Amino acid sequence: MCGIVGYIGDRDISSVLLVGLERLSYRGYDSSGIAILSKNELSYWKRAGKLHVLEDALKQLNVQGTVGVGHTRWATHGVPDEANAHPQVSRAKKIAIVHNGIIENFGALKRELISEGFIFRSQTDTEVILRLIEKYLDGDLESAVKQALSHLVGTYGIAVIAESNPDRIIVARKGSPLIIGVGKDENFISSDLGAIISHTKDMIFLEDDEIAVVTKDAVEVKSLDGELIEKEIQTIKWDPQVAEKSGYEHFMLKEIYEQPGVIRNIFSKYVKDGKVNFSNIDTDKIDLSKINRFIIQACGTSWHSALVARYWLEQSARILTEVDFSSEFRY
Ligand code: GLU
């Protein structure tokens, strides 16, 4: 699952999108792309490989526009090449979609759509969402997206733009984050706070099965049944620098250098008169005799830490402990 960024407003759109993608790049990716509506006309650029390849391609052009979406892809379906990179675009109906996640029933949907005459140009699962929107689009993009989503099994964070509705970005999520950054006469979207927090600290967090219409001066969130949902705008208080590399060359390096401070912070709660003291942990609430199994979900380093915790829990507490990869857990 990789990164989504989007913008509607009057700023220099390609730089908002490219800077956003740059900030998402720490998650890893294999290709990238952007789509922009300029004077109601859709254009898009995608490249395999690192972001600078896309940036170099855009450098010679004077890309302008008022609505746009961008993506860094980490391929799950199909090789990391230009055709499979996002945005996935319908040339017939001039729609562009970026997607994070996995559509589990994409094979069956694809076969059905092909039998109805739709032509697929990529190997991605994402393209079935695009073709479904293309199938249902009859003037109202929001309604077409909603109808398309009703067929999907799996996870998605999506952002969709189309020439037919040039004043809006439609976003939706299920099991994959989607955040709307609220500005004045402009709005931002992203899968990750860090990509947009330098522009605004006022955020709306979409929940699963919510869809939003984001225009320049409004954000309307609805349930998939069309019911309006009153969303709270949350103001992020922490420093955006924390989400960035703070001058370090890599996030890993930053994290290594931050470790003494982080450990000091955590332990300061449990140090009394210069000695480690766990007496303020309320263990009375935990009745181990009632627990017969622990499941720890983790990934990467936390997965390795969890293996150590399993060893301790099984040896000291004599409670069966299982460690699973978070990404596989639902299966
Ligand atoms: N499943 C999609 C693809 O392979 C999206 C991958 C992602 O989240 O980057 O194209």
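Bear in mind that the values here come from a model prediction, so they are computed numbers and not experimental data. All ligand and atom numbering here is 1-based and tracks the order in the structure.
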*Measuring from the heavy atoms of G101, does anything fall under 4.0 Å of ligand 1?*
yes
*For ligand 1, which atoms sit closer than 4.0 Å to a heavy atom of H77?*
4 (O)
*Can you list the other members of the hydrophobic cluster that holds I295, where links are side-chain heavy atoms under 4.5 angstrom apart?*
F329
*Close-contact set for ligand 1 against T124 heavy atoms, below 4.0 Å*: 10 (O)
*For ligand 1, which atoms, with element, lie under 4.0 Å from some heavy atom of T76?*
1 (N), 2 (C), 3 (C), 4 (O)
*Any side-chain heavy-atom pair from L130 and H99 closer than 4.5 angstrom?*
no
*Less than 3.5 Å between some nitrogen or oxygen of W74 and one of ligand 1, yes or no?*
yes
Check: residues 46-70 side-chain donor-acceptor pairs under 3.5 Å, at least two apart:
from : atom 1 : to  : atom 2 : distance (Å)
K46  : NZ     : E82 : O      : 3.4
K46  : NZ     : A83 : O      : 3.4
K46  : NZ     : A85 : O      : 2.8
K46  : NZ     : P87 : O      : 3.1
D56  : OD1    : K59 : NZ     : 3.2
Q60  : NE2    : D56 : O      : 3.1

*Does R121 pair with E127 as a salt bridge, N-O distance under 4.0 Å?*
no
*Does even one non-hydrogen atom of H71 get within less than 4.0 Å of ligand 1?*
yes
_Pairs of nitrogen or oxygen atoms closer than 3.5 Å, one from C2 and one from ligand 1: do any exist?_
yes
*Under-4.0 Å salt bridge between K222 and E142*: yes
*Please determine which of T155, I158, D209 meets the side-chain contact (heavy atoms from CB on, under 4.5 Å) test together with K174.*
D209
